[in-house]
Number of protein chains: 2
Amino acid sequence: MALKITRNKAAPLPETCPLSECMAILGGAWTPNVIWYLSGGARRFNELKTDIPGISAKMLTTRLRELEDKGVILREVRPTSPPSVEYSLTDLGQDLVPAIEAIVAVGHRLKKRDGATA
Amino acid sequence: MALKITRNKAAPLPETCPLSECMAILGGAWTPNVIWYLSGGARRFNELKTDIPGISAKMLTTRLRELEDKGVILREVRPTSPPSVEYSLTDLGQDLVPAIEAIVAVGHRLKKRDGATA
DNA sequence: TTATCGGGTTACCCCATGGTTACCAGGTAA
DNA sequence: TTACCTGGTAACCATGGGGTAACCCGATAA
């Protein structure tokens with residue numbers, strides 16, 4: 001499963017913390033994956049859905065709406081037939097990419113490490 | 001109604017993805033915070049607990065055990081009286097720090113952005 | 001004797017997360 | 001006429017993550 005960072009309930013948690021601030025954005029399940037795939041250029045709904053194996057349409061919709069609300073991605077409907085919808089990163093979204101890349105980089109090192117020690 | 005290919009639940013999700021791989025480590029609530037505070041040097045249980053306002057003892061224990069199991073942190077009991085326990089990052093843990101720093105950096109930029117636009 | 005402190009563990013419970021399924025609308029292709 | 005495409009939405013439901021509170025041990029302090 002993908003990430004889950006639920007910080008709900010009874011944790012007023014001073015959101016002055018930049019770490020929590022940022023994790024609030026890429027905290028939902030699949031969120032980093034969505035941003036990651038969009039970092040390669042605009043993608044359509046169904047493209048993302050197949051890009052990210054295992055994600056449900058519902059989740060994808062949810063995450064996309066959420067990221068749009070937060071100003072991370074841009075949603076554009078194109079008057080094709082059938083109408084297609086394209087998602088792309090905003091400037092804010094681009095800002096997130098280095099962080100995701102850093103995570104991916106660690107992921108690679110983890111895999112090497114596992115491969116070596118396992 | 002052609003056959004439906006329902007890939008059921010808990011999609012096997014190829015954990016070959018370095019992103020998900022890494023997010024699996026820092027995915028739990030508070031996890032990045034714990035690593036962040038340990039990146040400043042070894043800390044004791046109660047120190048971490050007050051470092052991270054809002055975390056419960058249970059969660060802190062859970063996360064610390066989890067991170068220990070994953071080889072991210074080291075737990076050392078010192079024979080003081082009462083015995084004290086020190087947690088520190090392993091090499092693997094150190095590897096995660098740049099990723100956290102990248103996230104923190106974005107967090108800072110988010111705050112600036114909000115301050116400017118709000 | 002009782003309280004306190006460090007460092008937890010355990011039991012109990014809630015509700016948010018996310019999966020599944022069904023369904024929709026408009027347009028077009030067979 | 002029916003089927004099917006894209007891009008969803010709505011209803012339902014199970015899981016488990018995480019909160020709260022109570023308790024534990026051994027040692028020292030009042």
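Order of the sequence lines fixes the chain letters, A, B, ..., with proteins taken first and strands second; residue numbering starts at 1 for each chain.
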Worksheet entry | Sugar-phosphate only, base, or nothing, as touched by A:Arg78 at under 4.0 Å among non-hydrogen atoms | nothing
Worksheet item: Which whole-number value in Å describes the distance from A:Arg44 CZ to D:dG7 C1'?
Response: 10 Å
Worksheet item: Taking CG from B:Leu48 and P from C:dG7, how many angstroms apart are they, rounded to a whole number?
Response: 10 Å
Discussion item. Do A:Tyr37 and A:Leu92 land in one hydrophobic cluster if side-chain heavy atoms of ILVMFWY residues count as linked below 4.5 Å?
Written reply: yes
Worksheet item: Contact class for A:Ser84 (heavy atom, under 4.0 Å): base, sugar-phosphate, or nothing?
Response: sugar-phosphate
Worksheet item: How about B:Asp91: does its CG atom have over 12 heavy atoms from other parts shown lying under 6.0 Å from it?
Response: no
Fill in: Test applied, side-chain contact (heavy atoms from CB on, under 4.5 Å); reference residue, B:Asn33; option that passes from B:Asp51, B:Leu26, B:Leu48, B:Ile52
B:Ile52
Worksheet item: What is the distance, rounded to the nearest whole Å, between atom CE of B:Met59 and atom P of C:dT9?
Response: 13 Å
Worksheet item: Whole-Å distance between D:dG8 C1' and A:Asn46 CG?
Response: 10 Å
Practice prompt. Return the value, rounded to whole Å, for the distance between atom CZ of B:Arg65 and atom P of C:dT10.
Written response: 11 Å
Item to complete: Can you figure out which of C:dG19, D:dG7, C:dG8 approaches the side chain of A:Phe45 most closely?
Response: D:dG7
Discussion item. Could you tell me if the side chain of B:Arg43 sits less than 4.5 Å from the side chain of B:Glu86, heavy atoms only?
Written reply: no
Item to complete: Could you state the atom-to-atom distance from CG of A:Leu60 to P of D:dT6 in whole Å?
Response: 14 Å
Item to complete: Provide, to the nearest angstrom, the distance between the CD atom belonging to A:Glu47 and the C1' atom belonging to D:dT6.
Response: 12 Å
Worksheet item: Between A:Pro83 and A:Lys58, which is nearer to the 5' end of DNA chain C once each is assigned its nearest nucleotide?
Response: A:Lys58
Fill in: A:Pro82 vs A:Thr62, nearer the 5' end of DNA chain D by closest nucleotide
A:Pro82
Item to complete: May I ask you to say what B:Arg63 touches in the nucleic acid, namely base, sugar-phosphate or nothing, with a heavy-atom cut-off under 4.0 Å?
Response: sugar-phosphate
Discussion item. What is the separation between atom NZ on A:Lys49 and atom P on D:dC5, rounded to the nearest whole Å?
Written reply: 13 Å
